[in-house]
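Take a look at the structure set out below.
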Amino acid sequence: MENNEPVSRIPAFIREAVAEDLKNGRFNYVRTRLPPEPNGYLHIGHCKAFLIDYFTAKEFGGELYLRFDDTNPAKEETEFVHAIEEDAAWLGIEWAKVTFASDYFDLLYEWAVRLVKMGLAYVDDQTQEEMSISRGTLPKGTKWGDSESAIRPGVDSPWRSRSVEENLDLLERMKNGEFPEGSRVLRAKIDMSHPNLLLRDPVMYRIMNAHHHRTSDKWHIYPMYDWSHGQNDSMEGVTHSLCSNEYIIHRPLYEWFLEKLEAFPSRQIEFSRLNLTYAMMSKRKLRKLVETGVVSGWDDPRLTTLRGLRRRGVPPQAIIDFVTGLGETKNDSWVEMAQFEAVIRDHLNKSALRRMAVLKPLKLVIDNYPEGQVEQMDAVNNPEDPEAGTRKVPFSKVLYIEQDDFRETPPPKYFRMYPGNEVRLRYAYLVTCTSVVKDEAGNVVEVHATYDPATRGGDAPDGRRVKSTIHWVSAEHALPAEVRLYEQLFNAERPDDGELEEILNPNSLEVLENAFVEPALGEAKIGDQLQFERTGYFCLDADSQPGKPVFNRTVTLKDSWAKAQGK
RNA sequence: UGGGGCGUGGUGCAAUGGCAGCACACCGGCCUUUGGAGCCGUGGAUCUUGGUUCGAAUCCAGGCGCCCCAGCCA
């Protein structure tokens, strides 16, 4: 194969399982579903599931449904439905149709009635606490183990042997809102001594007198995850229900319901979820960051929400390639943020237009350059892409260069500008530093240099070489800009585990109010991805005002000088 | 210590009984009108013990470690 395109975007064990199901006739088509709960914004952790669902359907010529899991009206809002659709679409995911768990509330209720009639479900009047106790415990020593005993099996509820007629009557009245919240539940009748606690008569419906974003006040009972998800899969003909490893333990229950109901046999397959270092995935903590103003909103560029990544300037294709390039397993794993950044750089290197921008300006005067003269220098837009063409950059006697690019007394191996040293001004001339001007405090406020008129474009006719090329802007022509330098938000590799106060990086945002950028940047549009030569990848932020653009740093360039300086 | 899942360089993945390889990271070098990009190279791994086999990361048995499960959350 000539290119590096992956043969498949989905894990091998899933691809093999799906192929097997098609081959042996369990299914004759493929349909997957993407089941977000509309109670928060999407973050990078969700992308793995989204992309596996999407590509599994796509690669087998099947289709994907976007199904909102809206079974808990106390936590869900329509606002998130729109946000999730928007973010998923931005990522590049396409779906055949949008459905809701609530679309199936009526049918689901009929199925519950069937189970009751089969003697496989009953109404339980125990209190929540009673149920918790009678469910039994995990053994001593495990995370939630009972402190004094070995495993304690569950005991049957006193209501477990109610007659079908009574159960039917009670369920009907639960549905009609005749009972207070928490007074009763409908449970599946399975096995109170089962080693898998989920099979100890799981709750199917609980009473909630909540207003639902789509069914309004019609329902007074709402289904639990286990009594909804698998059934919805089956009802809409989903063949493969792909989910993360935490649901492995739910699979026997998923299958139990569908078998008893003799329903369409959707198959659940699990994979490991994506964990990314330095990324916060906990919805609760994310919410706290937003609500306490630590970040500017759900789209703060320091967040790994999809909105944050978008605003930061990360191309969606980079997210796709990163996630699908991770490989395939059921292993618990923590992927390093550096790997994500490498993929981002890889994309941006190929696509971003190169521009010159001086973040922390220092005035440079070319003493022997004619006063008032302006030359238009030819500059390459993207050395990785000849099609991107060239542009003109104005050059004149007074310029700005980067403060970091000048040292009055250079450290070892410093090749940039210092008194007596000749460097190249990118796309312009070779210049030699001659003197500096200082303020009362002794700070260098202005650098003087002379240029060699024979080196226009940057090459010396005599073949002499310089070790450094630095970027610049013409003071007279440059546009003032604000530049926001982002670093990781947390100092902790696994921020979900830490206390916010202790793990926040105080330097995660540095705002540069007095940057200068070359004139061509005046035409940039919101979201445009750019490389500021030698400093990093940036994009134009929505906060930009006419005459005052704002740029976000997406990611730095690799900087071997900074690294060599030993940070 | 009930049930379930998982153990390959620092990190993420390959190798489906036959020379343990790739990417990121790290280190060194080359090249360069971005100290970018690119190119070349070094070091470093099969959780453990035993067994089967000419041959084991892979098969078998035991041990160890990590993760998930006590919502009327999803």
Side-chain angles (χ1 to χ4, degrees), chain A residues 12 35-37 39 69 71-72 74-76 101 124 127-128 131-133 135-146 150-154 181-187 194-200 203-208 221-222 224-226 228-229 243-252 270 272 274 277 325-343 345-346 349-350 354 356 379-380 383-384 413-416 424-428 430 457-459 465-471 531-536 556-564:
Chain A
E37 184 186 14
N39 72 343
D69 231 332
T71 57
N72 187 347
K75 300 169 88 173
E76 296 146 6
D124 195 341
T127 64
Q128 201 165 155
M131 263 186 62
S132 174
I133 292 169
R135 183 160 29 232
T137 61
L138 263 19
K140 181 180 178 180
T142 56
K143 188 173 173 186
W144 290 290
D146 187 291
I151 188 165
R152 183 155 51 80
E181 287 190 7
S183 60
R184 286 174 230 263
V185 294
L186 182 74
R187 301 177 75 177
H194 198 103
N196 179 345
L197 264 50
L198 283 165
L199 282 276
R200 316 241 268 224
V203 172
M204 296 166 63
Y205 279 116
R206 76 282 213 188
I207 298 172
M208 292 180 90
I221 55 174
Y222 289 91
M224 300 290 291
Y225 168 84
D226 285 310
S228 172
H229 199 97
C243 58
S244 53
N245 285 340
E246 55 187 304
Y247 292 98
I248 288 175
I249 196 170
H250 293 252
R251 188 175 354 112
E270 313 84 8
S272 59
L274 169 64
T277 61
L326 252 22
E328 49 187 64
T329 60
K330 291 175 85 119
N331 299 353
D332 290 348
S333 61
W334 281 86
V335 181
E336 292 175 342
M337 183 64 86
Q339 189 155 347
F340 186 30
E341 290 182 349
V343 178
R345 284 195 190 95
D346 197 44
N349 177 46
K350 290 174 189 130
R354 313 293 138 120
M356 291 199 285
V380 172
E384 304 289 323
K413 298 273 184 68
Y414 186 89
F415 306 138
R416 282 112 97 151
R424 174 167 35 237
L425 294 176
R426 180 89 158 141
Y427 303 125
L430 262 33
D459 284 311
R465 298 197 171 269
V466 293
K467 297 197 91 167
S468 180
T469 300
I470 65 175
H471 60 278
Q531 184 197 102
F532 289 173
E533 295 215 34
R534 304 208 304 131
T535 59
T556 61
L557 249 27
K558 275 203 285 189
D559 188 345
S560 51
W561 165 249
K563 192 191 287 179

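Here is the naming used below: chain letters follow the sequence lines, and residue numbers restart at 1 for every chain.
Mapped onto RNA chain B by nearest heavy atom, A:K75 and A:E336 fall at different nucleotides, with A:E336 at the one closer to the 5' end. Positionally, the nearest nucleotide of RNA chain B for A:T535 lies more toward the 5' end than for the other of A:T535 and A:V185.
Of the C1' atoms belonging to B:A61 and B:G18, the separation is 24 Å, rounded to the nearest Å. Distance check on atom C1': B:G21 versus B:G44 gives 14 Å, rounded to whole Å. Look at the P atom in both B:C6 and B:C47: the space between them is 15 Å, to the nearest Å. Atom P of B:G50 sits at a distance of 44 Å from the matching atom of B:C39, rounded to the whole Å. For the C1' atoms, the distance linking B:A57 with B:U46 amounts to 5 Å, nearest Å. Atom name P, nucleotides B:U52 and B:C69: the rounded distance is 41 Å, in whole Å. Comparing B:C67 with B:A15, their C1' atoms are spaced 25 Å from each other, to the whole Å. If you take atom P in B:G7 and the same atom in B:G12, they sit 12 Å apart, rounded to whole Å.
The nearest whole Å value for the distance from the CG atom in A:L557 to the C1' atom in B:U32 is 14 Å. The NZ-P distance, from A:K330 to B:G7, rounds to 10 Å in whole Å. Between the CE atom of A:M337 and the C1' atom of B:G10 there is a distance of 17 Å, rounded to whole Å. The interatomic distance linking A:L197 (CG) with B:C72 (C1') rounds to 16 Å, in whole Å. Following rounding to the nearest Å, A:Q339 (CD) and B:G9 (P) show an atom-to-atom distance of 14 Å.
At the phosphate of B:C69, neither OP1 nor OP2 sits under 4.0 Å from any side-chain N or O atom of A:R200. Proximity of A:S560 to the phosphate of B:G36: a side-chain N or O atom is located under 4.0 Å from OP1 or OP2. A sub-4.0 Å separation between OP1 or OP2 of B:A74 and a side-chain N or O of A:S228 is absent. When the side-chain nitrogen and oxygen atoms of A:R424 are compared with OP1 and OP2 of B:U32, none of them lie within a distance under 4.0 Å. For B:C26, one of the phosphate oxygens OP1 or OP2 lies less than 4.0 angstrom from a side-chain nitrogen or oxygen of A:K563. Between A:N196 and B:C69, a side-chain N or O to OP1/OP2 separation shorter than 4.0 Å is absent. Between A:K467 and B:U32 there is no side-chain polar atom (N or O) within less than 4.0 angstrom of OP1 or OP2. Dashed line: the shortest gap from a side-chain N or O of A:R135 to OP1 or OP2 of B:C72 is under 4.0 Å. In this structure, A:T329 reaches the B:C13 phosphate: one of its side-chain N or O atoms is under 4.0 Å from OP1 or OP2.
Contact of the A:D226 side chain with the A:L198 side chain is registered, since non-hydrogen atoms from C-beta on lie closer than 4.5 Å. Side-chain atoms of A:W334 and A:T277, non-hydrogen and from C-beta on, do get closer than 4.5 Å to each other.
Out of B:G35, B:G36, B:G2, the shortest distance to the side chain of A:P195 is found at B:G2. Of all nucleotides listed (B:A37, B:C24, B:U34), B:C24 comes nearest to the side chain of A:A342. Closest to the side chain of A:I249, from the set B:C24, B:C69, B:U34, is B:C69. Listed candidates were B:A74, B:A37, B:U34. Nearest to the side chain of A:N72 is B:A74. Comparing B:G35, B:C13, B:G36 against the side chain of A:N331 picks out B:C13 as the nearest. Distance from the side chain of A:E37 is smallest to B:C73 among B:C73, B:C67, B:G36. Here B:A25 is the nucleotide among B:A74, B:G7, B:A25 with the atom lying nearest to any side-chain atom of A:K558. Listed candidates were B:G5, B:A74, B:G35. Nearest to the side chain of A:W561 is B:G35.
Partner assigned to B:G65 is B:C6, using Watson-Crick or G-U wobble distances below 3.5 angstrom. With both pairing distances under 3.5 Å, B:A23 is matched to B:U11 as a Watson-Crick or G-U wobble pair.
Of all the heavy atoms in A:S272 and A:D332, the pair that sits closest is CB-N, 4.5 Å.
A donor-acceptor contact under 3.5 Å is formed by the side chain of A:R416 with the base of B:G35.
With a glycosidic angle further than 90° from 0, B:G5 counts as anti.
Among the atoms of the strands shown, none is found under 4.0 Å from any heavy atom of A:Y222. Residue-level contact check: A:F532 touches neither bases nor backbone, having no heavy atom under 4.0 Å from any strand. Residue-level contact check: A:V203 touches the backbone only, with heavy atoms under 4.0 Å from sugar-phosphate atoms and none from bases.
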